[in-house]
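A short worksheet on the structure shown next.
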Amino acid sequence: MAKWKCSVCGYVYDEERGEPATKTPQNTRFGDLPDDWKCPVCGADTSAFEQLPEGAAPGPARAVTKWKCSVCGYLYDEEAGEPATDTSPHTRFGDLPDDWKCPVCGSGKNVFEPVLGEAMHETADTTVSDVLIAEMEAWGISLIFGLPGTSSLGLVDAVRKNPAMRYIVVRHEENAAMAASAYHKLTGKIAACLTIAGPGATNLATGLYDAKEDHASVLSINGQVATQYTGPGGIQEIDQDAFFRPVTVYNNTIYDRKMAVLLLTKALKYATLHEGVAQLSVPNDIQKLPLSAPHSSRETCIRGLPIVPAGHDLRAAADAINAAHRPVILAGWGAHQAADDVVRLATTLQAPIVTTFRSKGILPDTHEWLIGILGSVGSPHARKLVTESDLLITLGVGFSKFTNVPLDKKMVQVDTNPVKLGKNADSIPLWGNCVHLLPLLIPLLKARPKDGMTDRIAAMKDEWRALLDREADADAVPIRPPYIMKVLSGLIPDDAVIALDVGENQWWFGRNFLMKHQRFAMSGYLGTMGFGLPAAIAAKCAYPDKTVFCITGDGGFAMAMADFVTAVKYDLPMVVVVLSNRQLGMIRVEQMMEQYENYATDLLNPDFAAYADACGGVGIRVERPGDLGPAIERAMALNRPVIVDVLTDPDRFGTRGE
């Protein structure tokens, strides 16, 4: 007599013993089983079985002990028996009388099904961690930033075993979260953070809040102490559910392995559709448990949200636009993927385009319909056109205080977030995606004859650029920031990716840098210093064949500089331009604006160029204007992580001394 093993679930059929669950008598050879005979554990047919050598144990690796009534959901537990039917404990389901009935709904035995989950999972060759990482891969995630540690070792080992995954180990978890946020801003794809419980999780906070505020989809998957050690006094244990709740669109802890894949797919679904942070904590003991992926529940997610308004709303908006005499288009981040249609709209209406700061680069600064940024870093000409307008067409605009959109203007508003619509009583809200909505709206508009608007825009831009050129003093020492931006505008390649930090460097970039076809990412609503370097790391991971620049200040760079060595370690060539003005320059300006004495803004800097050399990269120190261009060209040619430390003037326009 032989034994046969199910290759699906591990159950072993013993010819000598037979199988009571399928009413197979003893001494029934496997070849004599009926054609429709099924494995009593998983339901596989006989083709899934293989003969075992002598000595193999009969039965499943972990016997099925529970059977579920498919009518009412009642569970029969073989271990417990059933007092209501006078069934003794340890009575196998197959040994129950033929006339045995469900004690809840009265259904016969034929409607019961084995509860396979635990048995299937116990015999699995993969762990919870393996299955979670594989599921992330199936959702298109291939890049993880983080730090390994005790409570995440199972997850980290699963990353190691998965060839599709890339794990960038950073020196501080905040930079992992910043990089994941920047990755989504640049690519529209989700990257993950992976770190430990307690301090690893708390260190993610600032970067995750950046993702929250700028609606960047990020998955944060964190270790947690083993379930038996949770509670007060646990080492590296905090209430991560409570900690992450304010920053997330989805937040949970996996306490039951059977729920692992379901919770992960829910997390990814929420992160995708709600454009925010989803967090899962995985206790250390749960990570190591066996789990069968095919027998795990999961959810799926729709791809894209093609939202378009109703026809009568489009017609109302078209009527308002057609009636306007001086419409102006304000393109925000939500219009970034609809640049061609924004130009079609401008051409149809003979209307100028202004942008928010974050949408800088939606069109080249030389484009005939683009006047520039509206806001504190924009030109007075952009503000003048908006002030003179009788209708604003806002496309995916966040209405931050720095853009300072005049809320008393009549508006046609387009946004995917209905809460942002209806900024005043005279606005016409259009709930939809610019990329889907504009092709429906433009045909409803009356094409206007050329009225000289492009000539007016060109004249305004000539006047503005002449001012920027005058500001870019090529002889001033320390080097003037406008000159730095002029040099960078001329040398950074058209298809480069720029990671921008927060501070004076950001102000000068927004105002003086001339975009071509580059992409850039910054910390928008949170406005956190230290964003630039981790964003550059993310940019180079996302676009390995493109030139990557980080434009930062000495204050912001110092917050993240430990991870310059990460760029060296993973061979991520980039040019980090540090505007070293030895000041928290923007705070200094804010003190001046609010009529405070300048205090506590001075910085004692290390030699950033020497630091780059110490990390294994290349450092270049620039003190004179004439050396800046050659330094940037050399940095790009080296194709290595390079810091260009530029000593620059802390004053904006020379109105205040040292």
Side-chain angles (χ1 to χ4, degrees), residues 127-133 135-136 141 143-162 165 167-181 190-212 218-264 266-268 270-271 276-291 534 562-563:
T127 66
V128 169
S129 297
D130 295 331
V131 174
L132 289 177
I133 299 303
E135 192 70 23
M136 288 165 59
I141 297 175
L143 183 61
I144 303 173
F145 301 96
L147 267 172
T150 302
S151 58
S152 64
L153 292 181
L155 293 164
V156 171
D157 193 58
V159 173
R160 176 189 65 82
K161 293 184 289 185
N162 190 315
M165 287 293 171
Y167 190 30
I168 302 296
V169 178
V170 297
R171 295 303 179 94
H172 195 287
E173 292 92 347
E174 178 182 311
N175 290 337
M178 296 278 197
S181 177
I190 295 179
C193 310
L194 171 57
T195 187
I196 66 167
T202 58
N203 281 345
L204 294 171
T206 302
L208 295 184
Y209 266 99
D210 175 78
K212 168 188 167 69
V218 170
L219 174 67
S220 178
I221 184 166
N222 304 290
Q224 178 58 289
V225 299
T227 51
Q228 65 265 36
Y229 297 121
T230 56
I235 301 299
Q236 292 192 328
E237 193 273 337
I238 64 168
D239 185 347
Q240 289 179 190
D241 286 342
F243 178 79
F244 284 110
R245 191 170 297 124
V247 72
T248 53
V249 296
Y250 185 88
N251 179 39
N252 218 322
T253 297
I254 299 173
Y255 288 114
D256 181 349
R257 63 176 168 185
K258 296 191 299 295
M259 298 294 291
V261 177
L262 180 63
L263 294 182
L264 174 64
K266 279 180 175 286
L268 289 169
Y270 273 76
V277 178
Q279 191 278 145
L280 274 183
S281 296
V282 191
N284 195 15
D285 52 331
I286 300 293
Q287 296 174 31
K288 305 170 186 176
L289 294 176
L291 183 69
D563 272 299

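Just the heavy atoms: all of them, side chains too, but no hydrogens, waters or symmetry mates, feed the values below. Throughout, residue positions are numbered sequentially from 1 according to the sequence presented.
Scanning for side chain to side chain donor-acceptor pair (under 3.5 Å) contacts around Q287 gives an empty result, with sequence neighbours left out. Under the side chain to side chain contact (heavy atoms under 4.5 Å, CB included) criterion, D239 pairs with D241, A242, sequence neighbours left out. In terms of the side chain to side chain contact (heavy atoms under 4.5 Å, CB included) criterion, residue partners of A180 (sequence neighbours excluded) are, by chain and number, F145, A191, C193, V218. Annotation: side chain to side chain contact (heavy atoms under 4.5 Å, CB included) contacts of E174 (sequence neighbours excluded): H172, M178, T206. Not counting sequence neighbours, the partners of Q236 by the side chain to side chain contact (heavy atoms under 4.5 Å, CB included) test are I196, P199. With sequence neighbours excluded, the residues satisfying side chain to side chain donor-acceptor pair (under 3.5 Å) with K161 are D130. Every residue meeting the ring-ring contact (aromatic ring centres under 6.0 Å, His included) condition with Y250, not counting sequence neighbours, appears here in chain and number order: Y270. Residues satisfying the salt bridge (charged side-chain N to carboxylate O under 4.0 Å, His left out) criterion with K266, sequence neighbours excluded, are E299. In this structure R160 satisfies the side chain to side chain donor-acceptor pair (under 3.5 Å) test together with D157, sequence neighbours excluded. Checked against salt bridge (charged side-chain N to carboxylate O under 4.0 Å, His left out), R171 has no partners two or more places apart in sequence or in another chain. Legend: residues meeting side chain to side chain donor-acceptor pair (under 3.5 Å) with D210, ordered by chain and number and at least two apart, are S181, K185, S523.
The nearest pair of heavy atoms linking Q224 to I238 is NE2-O, 3.3 Å. Between E173 and T195 the shortest heavy-atom distance is CG-OG1, 3.4 Å. The minimum heavy-atom distance between L208 and F244, with the atom names listed, is CD1-CE2, 3.6 Å. Taking every heavy atom of both residues into account, T127 and K288 meet most closely at CG2-O, 3.8 Å. The heavy-atom pair separating D285 from L289 by the smallest distance is O-CG, 3.5 Å. The minimum heavy-atom distance between A267 and L280, with the atom names listed, is CB-CG, 4.2 Å.
Taking CG of D256 as the reference point, atom CG of L263 lies at 9.0 Å (rounded to 0.5 Å). In this structure, CD1 on I144 lies 4.5 Å from CD1 on I133, to the nearest 0.5 angstrom. Rounded to the nearest 0.5 Å, atoms CG (N251) and OG (S220) are 9.0 Å apart.
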- request: Apply side-chain contact (heavy atoms from CB on, under 4.5 Å) to the pair L264 and L219, showing each step before the final yes or no.
  value: CA-CA 9 Å; L264 174 64; L219 174 67; 4.0 Å; yes
message: Pair V277, V249 - check side-chain contact (heavy atoms from CB on, under 4.5 Å), show working.
response: CA-CA 6 Å; V277 178; V249 296; 5.8 Å; no
- request: Determine, step by step, whether L147 and N203 satisfy the side-chain contact (heavy atoms from CB on, under 4.5 Å) criterion, reporting the C-alpha distance in whole Å, the side-chain angles of both residues, the deciding distance to 0.1 Å, and the verdict.
  value: CA-CA 11 Å; L147 267 172; N203 281 345; over 6 Å; no
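Between the Q240 side chain and the G198 main chain, a donor and an acceptor come within less than 3.5 Å of each other. No donor-acceptor pair closer than 3.5 Å links the side chain of Y209 to the backbone N or O of L204.
Each of I190, V131, I141 was evaluated against M136; a single residue qualifies, I141, per the side-chain contact (heavy atoms from CB on, under 4.5 Å) test.
In this structure, a donor-acceptor pair under 3.5 Å is absent between the side chains of Q279 and T248.
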Which pairs of donor and acceptor atoms, one on a side chain in residues 148-155, lie under 3.5 Å apart (sequence neighbours left out)?
residue : atom : partner : partner atom : Å
S151    : OG   : A197    : N            : 2.9
S152    : OG   : G149    : N            : 3.3
S152    : OG   : G149    : O            : 3.3

